[in-house]
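Below: one structure, written as structure tokens.
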Amino acid sequence: MPKVRLPQKNLILSIESNSNLMNALLAAGVPVASSCHGEGVCSMCKVKIQGTVNPAVNPPEKYEVETLKRNRCEADERLSCQIEVTND
């Protein structure tokens with residue numbers, strides 16, 4: 001099971017491989033903001049990931065990239081509702 005580290009919460013979660021990050025966080029009781037309910041359009045669920053290219057998660061789809069640009073997100077941010085975690 002991949003491990004996801006949340007340094008601001010001093011927490012390490014073990015989640016199922018290929019799990020959606022937002023759903024895993026919510027299931028673990030970690031609050032995640034979202035007005036689009038995981039559709040990938042609001043960017044309220046954005047998270048910072050280690051590095052801009054991370055083989056532990058799926059690459060962003062075109063619509064996620066457009067949402068991140070439209071909402072002026074940082075280069076190391078992704079939408080948790082669009083991330084599938086494959087490795088630590």
Side-chain angles (χ1 to χ4, degrees):
M1 292 179 107
K3 296 191 184 329
V4 175
R5 188 172 63 90
L6 305 167
Q8 70 278 21
K9 299 265 186 203
N10 196 28
L11 186 63
I12 296 176
L13 300 176
S14 293
I15 65 171
E16 293 289 326
S17 187
N18 299 314
S19 291
N20 175 276
L21 181 59
M22 180 176 154
N23 292 339
L25 293 172
L26 290 170
V30 177
V32 179
S34 175
S35 63
C36 71
H37 307 290
E39 294 295 319
V41 295
C42 74
S43 79
M44 292 177 67
C45 69
K46 67 183 175 186
V47 295
K48 288 190 181 248
I49 61 169
Q50 217 172 19
T52 55
V53 177
N54 190 328
V57 298
N58 60 310
E61 299 286 336
K62 182 179 179 182
Y63 67 89
E64 180 185 1
V65 172
E66 291 170 358
T67 298
L68 292 167
K69 282 182 186 177
R70 182 177 65 250
N71 293 299
R72 297 185 177 104
C73 296
E74 304 279 327
D76 62 348
E77 291 178 325
R78 291 279 312 272
L79 303 180
S80 68
C81 67
Q82 301 302 305
I83 295 174
E84 291 178 15
V85 179
T86 56
N87 292 304
D88 293 346

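Excluded from the calculations below are hydrogen atoms, water molecules and symmetry mates; all remaining heavy atoms, backbone and side chain alike, are included.
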Tightest non-hydrogen contact, residues Asp88 and Ala56, listed as O-CB, 3.2 Å
Let me check something: do Val4 and Val32 share a hydrophobic cluster, defined by ILVMFWY side-chain heavy atoms less than 4.5 Å apart, either directly or through other members? yes
Should Met44 and Leu68 be counted in the same cluster of Ile, Leu, Val, Met, Phe, Trp and Tyr side chains packed under 4.5 Å apart? no
Residue set satisfying side chain to side chain contact (heavy atoms under 4.5 Å, CB included) with Cys81, at least two apart, ordered chain then number -> Met22, Cys45, Leu79
Could you report the tightest heavy-atom contact between Met1 and Ile15, atom names first, then the distance? CB-O, 3.4 Å
Please check this pair: side chain of Asn58 against backbone of Thr86, looking for a donor-acceptor N/O pair closer than 3.5 Å. no
In terms of heavy-atom contacts, Glu39 and Gln82 come closest through C-NE2, 3.8 Å
Distance-minimising heavy-atom pair for Asn71 and Cys42: ND2-O, 4.0 Å
For Lys48, salt bridge (Lys or Arg N to Asp or Glu O under 4.0 Å) partners two or more places apart: Asp76
Pairwise side-chain contact, Val57 with Leu21, heavy-atom cut-off 4.5 Å (strictly under): no
Taking the side chain as C-beta and beyond, is there a heavy-atom pair between Leu6 and Val47 under 4.5 Å? no
What residue pairs, at least two apart or across chains, pass side chain to side chain donor-acceptor pair (under 3.5 Å) with a residue in residues 11-35? Lys3-Ser14
Is it true that Leu26 and Leu11 fall in one hydrophobic cluster, defined by side-chain heavy atoms closer than 4.5 Å? yes
Assess whether side chain to side chain contact (heavy atoms under 4.5 Å, CB included) is satisfied between Glu64 and Arg78, documenting all intermediate values. CA-CA 8 Å; Glu64 180 185 1; Arg78 291 279 312 272; 2.8 Å; yes
Atom of Ile12, atom of Arg5 and distance for their closest heavy-atom approach: CG1-CG, 4.1 Å
Counting only heavy atoms not in Arg70 (residues, nucleotides, ligands), do more than 12 fall under 6.0 Å from its CZ? yes
